[in-house]
Amino acid sequence: MTAARREDEVMELARRRGFIWAAFEIYGGASGFFDYGPLGAALKRKIESLWREFYTLGEGFYEIETTTIGIRDVFDASGHLECFMDKMVECKKCHSLFRADHVGERCPDCGGEFSEPQDFNLMFKTRIGAVTSVGGKSEAYLRPETAQGMFVNFPRLLRFHRNKLPFGIIQIGRAYRNEISPRQGIIRLREFTLAEAEVFVLPHEKNKHPRFHEVEDVVMRLKPNYMDEEIEITVKEAVERKIIAHEYLGYHMARVQQFLEKIGIPVERLRFRQHEHDEMAHYAEDCWDAEFLSDRFGWVEIVGIADRGDYDLSAHSRKAKVDMSVPVVTGGEEAEGAREGNENLSVFPHVIEPSYGIDRIIYALLESSFYKEEVRGEVRRVLRFKRCVAPVEVAVLPLLNRKELVNKAKEVFQMIRSHGIFAEYDASGSIGRRYRRQDEIGTPYCVTIDYETLENDTVTIRDRDSMKQVRVSIAELPAKLRGDVESMFTFSR
RNA sequence: GCGGCAGUGGUCUAGCGGUAGGACACGGGCCCCCCAAGCCCGUAGCCCGGGUUCGAAUCCCGGCUGCCGCACCA
């Protein structure tokens, strides 16, 4: 229980200060389930909003919201029913469990005999309605990814986009996987949040992304599956040298990196690792994981960028008997897939999918933001969140708990909130203690009301990272907090 | 899921068969004009269930949870 390691200390802080904790604690807990507290939920909400903006405003994608329960047909077609399933055998002697295809006739531990293989599916199964029979529409599953909701709605989405490709669809939501034994805290959860984009593109257009030039100079750290070491390379060069298969994949990998940097994941702790062929999910043609270098867990996947090919659309077309292929329009530029003289040619769009594990990103952010130093013999713990994700944007503090300062401080507090800035008020304990409280939850700025405030209506803004202060007038405070606060401290760091 | 170890206020810990003590945090007060100072007061705990015993936080069994190793992580 001792929080000896720095990394464990972060999670201790997260629990203590209301970011995240084990679910069902009063009943002893349940492995693989966590709840977000007041600050964690705020942090998560901010990350999700930034993500949403990044893809809607940034890419012009629309967001949809589909059911978290899926009927059997969906996961039958998607392959999850079969491929998410492991045949498990149990040793009759020592009761160890093994995957049937990973093990021989006898238990490798004790040499005991195995039971008959039994199915273990990673999907949570449920039933629809008061039906007790097996099969049919009564059988349902909690989705293991949000993606299927976007695939099964493809015909309507295509019509919505007036039959024009490419287009992208995003979705943020919960997904569920009944892990055999989840560990590693919020790295492996049984219920978690995914933020996924499905980009539908004609196969012969995968190598010409209209905005590729905007990201072509982005330098990324790549670990291709046929190489033993990592290389640092621009996206442009990686695509030219076929290290990354095509522009669409390269473009979205670069965008993933840009998003992660934007919310404050240090780029030097990031790499993109290409899946080995035997490691690839059943639906993937190619897949690169954006991995975060954790002090605690080593390289951890936080985003997967997969080329799902036409796997899902063709599978649902077959199963549902609804043709989701699209006609290939041979316009001015000739299309590779379109053969001459064949006017009725149609193809299944391919899907490029960046899939973000929000909970893991939150862990990565907590771990990499955590900073500890000694100030005057006391430990100072700081979460160095970027302002765009900080749960509390500013704290308003009267220098002393005196009536005249408190009244003025409450006035300023209300004023700041009326400008749409989320603030916290705290008058309890010494000013130093209150600064430390805010440091620990990552509040970037503290506004302090002192006796000078009463004289000339100015307050100080204290910067979390430099602990420096500048004095501004109350009148210009909202504008400063909204706008160029950072610049007021950049030279003093 | 298997094996080993462990679970005491919010956090960290002392106690290891006679009924819980500390530190920090938190709340109230005093003091205080800027980075967890000091003083006073207060709130708050033996993971859950069974058993052994006159008596269990302490010993035994089961469960849950966590850590380490193995397996699993489509």
Side-chain angles (χ1 to χ4, degrees), chain A residues 1-5 8-9 11-13 15-18 21-33 37 75 78-86 88-91 93-99 102-103 107-110 112 118 120-123 144-145 177-185 187-190 275 278-284 287 296 300-301 304 306 373-382 397-402 404-405 428-440 446 448-455 459-460 462-464 466-469 471:
Chain A
M1 279 287 271
T2 309
R5 277 178 301 196
D8 291 333
E9 222 175 317
M11 289 316 287
E12 186 273 313
L13 187 158
R15 201 180 320 131
R16 186 163 44 81
R17 297 308 306 269
W21 51 65
F24 317 117
E25 271 184 337
I26 64 164
Y27 288 107
S31 182
F33 296 94
F75 301 113
S78 73
H80 286 90
L81 218 47
E82 188 186 348
C83 299
F84 233 57
M85 180 100 75
D86 289 329
M88 304 292 287
V89 288
E90 188 184 340
C91 172
K93 205 164 140 196
C94 70
H95 301 285
S96 294
L97 258 147
F98 298 93
R99 263 178 65 169
H102 278 203
V103 87
C107 174
D109 287 357
C110 70
Q118 292 197 322
F120 181 84
N121 197 291
L122 252 27
M123 284 193 292
E145 56 174 11
R177 296 178 196 185
N178 200 359
E179 300 280 356
I180 295 173
S181 72
R183 275 193 202 173
Q184 307 172 303
I187 297 296
R188 263 175 86 198
L189 297 172
R190 287 181 165 134
H275 276 204
D278 58 358
E279 180 189 4
M280 220 91 75
H282 61 272
Y283 51 71
C287 186
R296 177 78 167 77
V300 174
E301 176 199 356
E373 65 176 356
E374 209 175 289
V375 179
R376 302 184 190 188
E378 292 278 356
V379 182
R380 186 171 92 103
R381 293 188 187 83
V382 191
L397 320 168
L399 181 60
L400 300 170
N401 199 0
R402 292 253 177 87
E404 59 277 25
L405 294 177
S428 161
S430 72
I431 188 72
R433 176 184 296 268
R434 283 176 276 151
Y435 285 147
R436 295 302 158 76
R437 279 190 195 128
Q438 296 302 327
D439 290 341
E440 215 176 46
C446 292
T448 307
I449 281 73
D450 56 20
Y451 282 101
E452 202 180 324
T453 310
L454 302 179
E455 286 163 23
V459 294
T460 64
R462 179 259 194 188
D463 173 59
R464 177 193 68 207
S466 64
M467 295 197 280
K468 296 249 166 70
Q469 286 173 285
R471 189 165 280 277

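Naming: A, B, ... by sequence-line order, numbering from 1 per chain. Everything numeric here is computed off the predicted structure, so don't read it as measured data.
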task = State whether the side chain of Arg381(A) and the backbone N or O of Arg436(A) hold a donor-acceptor pair below 3.5 Å, judged by distance alone.
result =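 Answer holds: no.
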Expressed as a whole number of Å, how far does the [atom1] atom of [N] sit from that of [M]?
N	M	atom1	result
G10(B)	C46(B)	P	8 Å
G7(B)	C60(B)	P	12 Å
C41(B)	G63(B)	P	47 Å
C24(B)	G62(B)	C1'	36 Å
C40(B)	G22(B)	P	13 Å
G15(B)	U19(B)	P	16 Å
C73(B)	G4(B)	P	25 Å
C72(B)	U8(B)	P	33 Å

key: Counterpart residues, side-chain hydrogen bond (donor to acceptor under 3.5 Å, both in side chains), relative to Glu374(A) (two or more places apart)   =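 Checked Glu374(A) against side-chain hydrogen bond (donor to acceptor under 3.5 Å, both in side chains); zero matches.
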For the pair made of [atom1] in [X] and [atom2] in [N], what is the distance, rounded to whole Å?
X	N	atom1	atom2	value
Glu12(A)	C24(B)	CD	P	16 Å
Arg190(A)	U65(B)	CZ	C1'	12 Å
Gln184(A)	C70(B)	CD	P	12 Å
Asn121(A)	G1(B)	CG	C1'	17 Å
Leu189(A)	G66(B)	CG	C1'	15 Å
Glu25(A)	G45(B)	CD	P	16 Å
Asn178(A)	G1(B)	CG	P	11 Å
Glu9(A)	C67(B)	CD	P	17 Å

task = Would you mind telling me which of C68(B), G66(B), U11(B) lies closest to the side-chain atoms of Arg183(A)?
result =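 From the listed options, C68(B) comes nearest.
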query = Which part of the nucleic acid, if any, lies within contact of Ala30(A), taking any heavy atom under 4.0 Å across all strands shown: a base, the sugar-phosphate backbone alone, or nothing?
reply =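 Answer is sugar-phosphate: Ala30(A) comes under 4.0 Å of backbone atoms only.
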query = Between Gly32(A) and Pro144(A), which is nearer to the 5' end of RNA chain B once each is assigned its nearest nucleotide?
reply =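 Upstream on the strand: Gly32(A).
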The criterion is salt bridge (charged side-chain N to carboxylate O under 4.0 Å, His left out); which residues satisfy it with [X], sequence neighbours excluded?
X	value
Glu25(A)	none
Arg471(A)	Asp450(A), Glu452(A)
Arg16(A)	Glu12(A), Glu440(A)
Arg188(A)	Glu179(A)

query = Can you check side-chain contact (heavy atoms from CB on, under 4.5 Å) on Leu454(A) and Leu405(A), steps first, answer last?
reply = CA-CA 8 Å; Leu454(A) 302 179; Leu405(A) 294 177; 4.1 Å; yes
ask   = Tell me, for nucleotides 25-42 of chain B in 5' to 3' order, what letter each nucleotide earns: B for a base near a protein heavy atom under 4.0 Å, S for only sugar-phosphate near one, - for neither?
value = SSS----BBBBBS-----
Base-pairing assignment for [N] (Watson-Crick or G-U wobble, both under 3.5 Å):
N	result
C2(B)	G69(B)
A57(B)	none
G42(B)	C26(B)

ask   = Of the non-hydrogen atoms in Asn178(A) and Asn121(A), which two are nearest, and what is the gap between them?
value =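 In terms of heavy atoms, the two residues are closest at CB-O, 4.5 Å.
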